[in-house]
S.K.: 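Before anything else, here's the structure in question.
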Amino acid sequence: MPEGHTIHRAARDHERALGGQRLAVTSPQGRFDVEKLLGRADRVKLKRVEAYGKHLFYVFERGRTVHVHLGLFGRFYRRKSPPPPPRESTRMRLEGESVTIDLVGPTACELITPKKKAEILARIGPDPLREDSSPQPFYDYLARSKTPIGAALLDQSVVSGVGNVYRAEVLHLLKIHPSTPARALSRGGAESLWTLLVGLLRRGVEEKRIVTTHGLALAVPRKRVPRAESVHVYGRRTCRSCGGDVQRFLQRARTAYVCVTCQPYVDAG
DNA sequence: GCGGTATGCCTAA
DNA sequence: TAGGCCTACCGCG
């Protein structure tokens, strides 16, 4: 689940469900140091939840901030309060008045200092889901880098929030082969790429899953797209657009998916 | 029950 | 580049 859309959706949902409340925070698994957050109190008030790329920040009273990164396996489970007993693997449980959020399997779940937060934000590139992000650094990087565009899209310091599914899908929609050197893209091409990422990620936030088919407009009511039709090439053996073979290869240690018909490699020199 | 796989990312070499 | 870490699920038998 966790590309940028999952993170932003969690921030929105969790802030709405728990923001302004005094939460009972526990770590059934024991690997999250609850006392550091709670001190001697038994509850702590959550002020807001922020999302940057794939990072979440739970901001509590007195500026105490919990950083969460889901990694590949992390997941949230939402329960009604009072919640059922947690599964053993639950790293952090946030129990509010009517909603309880359980966090399982994250790469990171820790109380952080303002300095640490600043360091995290300093090392990630613009996030297409944030209104306050400027794509300029993304354009600048692409314009001068020989890095394959498919590798650049997974580099969180270049653009944040994009993961392996969006990488495959956005490049397919633009008919770009992942091995194309970044700087072979025109400025217009780079702008199209950013705009498409914004659109697809926003759609992902609304639908709570990645859907890149059945038109790109964020039209209001739309029919639920069946799972098998939600992507063009990611995880597929044949291209949903043309029926041609989808080729797989490793790029930046992740499986890249390419329709060799729709996305022929063009050596731009 | 086991092994493989996954939408991530860090570190050592 | 390889290995490690985190967890759930699925197909196999």
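Below, read A as the first sequence line, B as the second, and so on, with proteins coming before strands; counting in each chain starts at 1. Owing to the predicted nature of the structure, the values given are computational and were not obtained by experimental measurement. Values below: every heavy atom of this structure, side chains too, minus hydrogens, waters and symmetry copies.
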S.K.: Measure from CZ on A/F76 to C1' on C/dC6 and round the result to the nearest Å.
M.R.: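 In whole Å, C/dC6 C1' and A/F76 CZ are 14 Å from each other.
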S.K.: Nearest-Å distance, CZ (A/R31) to C1' (C/dC6)?
M.R.: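 Taking atom C1' of C/dC6 as the reference, CZ of A/R31 is at 7 Å.
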S.K.: May I ask you to say what A/R123 touches in the nucleic acid, namely base, sugar-phosphate or nothing, with a heavy-atom cut-off under 4.0 Å?
M.R.: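 Touches sugar-phosphate only.
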S.K.: Please give the distance between the P atoms of B/dT5 and C/dA2 as a whole number of Å.
M.R.: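 Looking at atom P only, B/dT5 and C/dA2 are 16 Å apart.
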S.K.: Salt bridge (charged side-chain N to carboxylate O under 4.0 Å, His left out) for A/R202 and A/E131? Distances and angles first, verdict last.
M.R.: CA-CA 11 Å; A/R202 282 186 185 164; A/E131 301 280 350; 3.8 Å; yes
S.K.: So do the side chains of A/V246 and A/Y234 get within less than 4.5 Å of each other, counting heavy atoms only?
M.R.: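 They are not in side-chain contact.
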S.K.: Does a nitrogen or oxygen in the side chain of A/R254 sit under 4.0 Å from OP1 or OP2 of B/dT7?
M.R.: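 Yes.
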S.K.: With nearest nucleotides of DNA chain B determined for A/Y257 and A/L154 from heavy-atom distances, which residue corresponds to the more 5′ nucleotide?
M.R.: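 Closest to the 5' end, via its nearest nucleotide, is A/Y257.
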S.K.: Whole Å only: how far is the CG atom of A/L70 from the C1' atom of B/dC10?
M.R.: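 Nearest whole value for this atom pair: 16 Å.
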S.K.: In this structure, how many angstroms lie between the P atom of B/dG8 and the CD atom of A/Q251, rounded?
M.R.: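 It works out to 14 Å between those atoms.
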S.K.: Considering every strand and a 4.0 Å limit on heavy-atom distances, what is the contact class for A/Y234: base, sugar-phosphate, or nothing?
M.R.: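 Sugar-phosphate only.
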S.K.: Is A/V66 linked to A/V104 within one hydrophobic cluster, defined over Ile, Leu, Val, Met, Phe, Trp and Tyr using a side-chain heavy-atom separation of less than 4.5 Å?
M.R.: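 A/V66 and A/V104: separate clusters.
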S.K.: Check the distance between B/dT11's P and A/R252's CZ and give it to me in whole angstrom.
M.R.: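 After rounding, the reported distance stands at 14 Å.
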S.K.: Could you tell me how far apart A/L103 (CG) and B/dG8 (P) are, to the nearest whole angstrom?
M.R.: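 Those two atoms, CG and P, are 17 Å apart.
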S.K.: Figure out the CG/P separation between A/D155 and B/dG8, and round it to whole Å.
M.R.: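 Answer to the nearest Å: 13 Å.
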S.K.: Taking only the side-chain heavy atoms of A/Q156 (C-beta and beyond), determine which of B/dG8, B/dT7, B/dC9 contains the nearest atom.
M.R.: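 Of B/dG8, B/dT7, B/dC9, B/dC9 is nearest to the side chain of A/Q156.
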S.K.: Looking only at side-chain N and O atoms, does A/H69 come under 4.0 Å of OP1 or OP2 in B/dC9?
M.R.: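 The answer is yes; a side-chain N or O of A/H69 sits under 4.0 Å from OP1 or OP2.
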S.K.: Using the P atom as the point on both nucleotides, what is the distance between B/dA13 and C/dC5, in whole Å?
M.R.: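 So the two P atoms sit 14 Å from each other.
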S.K.: What interatomic distance, in whole Å, is found between P of B/dG4 and the corresponding atom of C/dG4?
M.R.: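 One P to the other, the span is 15 Å.
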S.K.: Could you tell me the separation between the CG atom of A/L153 and the C1' atom of B/dT7, rounded to a whole number of Å?
M.R.: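 It is 14 Å, rounded to the nearest whole Å.
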S.K.: Just to verify, which of A/R167, A/R252, A/R123 counts as forming a salt bridge (charged side-chain N to carboxylate O under 4.0 Å, His left out) with A/D155?
M.R.: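 Testing each of A/R167, A/R252, A/R123 against A/D155, the sole residue satisfying salt bridge (charged side-chain N to carboxylate O under 4.0 Å, His left out) is A/R252.
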S.K.: Check nucleotides 8-11 of chain C for protein N or O atoms closer than 3.5 Å to its own N or O atoms and list the pairs.
M.R.:
| residue | atom | partner | partner atom | Å |
| --- | --- | --- | --- | --- |
| C/dA8 | OP1 | A/R87 | NH1 | 2.6 |
| C/dA8 | OP1 | A/S89 | OG | 3.1 |

S.K.: Out of the candidates A/R91, A/R87, A/R93, only one should pair with A/Q29 under the side-chain hydrogen bond (donor to acceptor under 3.5 Å, both in side chains) rule; please name it.
M.R.: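 The residue from A/R91, A/R87, A/R93 that satisfies side-chain hydrogen bond (donor to acceptor under 3.5 Å, both in side chains) with A/Q29 turns out to be A/R91.
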S.K.: A/F138 vs A/W194 aromatic rings, parallel, tilted or perpendicular, using cut-offs 30° and 60°?
M.R.: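 A/F138 and A/W194: tilted rings.
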S.K.: Is a donor from one side chain sitting under 3.5 angstrom from an acceptor on the other, for A/T90 and A/Y77?
M.R.: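 No pair is found: no donor N or O on one side chain lies under 3.5 Å from an acceptor on the other.
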S.K.: Check every strand shown and say whether A/Q29 touches a base, only sugar-phosphate, or nothing at a heavy-atom separation below 4.0 Å.
M.R.: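 Counting heavy atoms under 4.0 Å across all strands, the contact made by A/Q29 is with sugar-phosphate only.
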S.K.: Given side chains that start at C-beta, do those of A/R78 and A/V99 come closer than 4.5 Å, heavy atoms only?
M.R.: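 A side-chain contact under 4.5 Å exists here.
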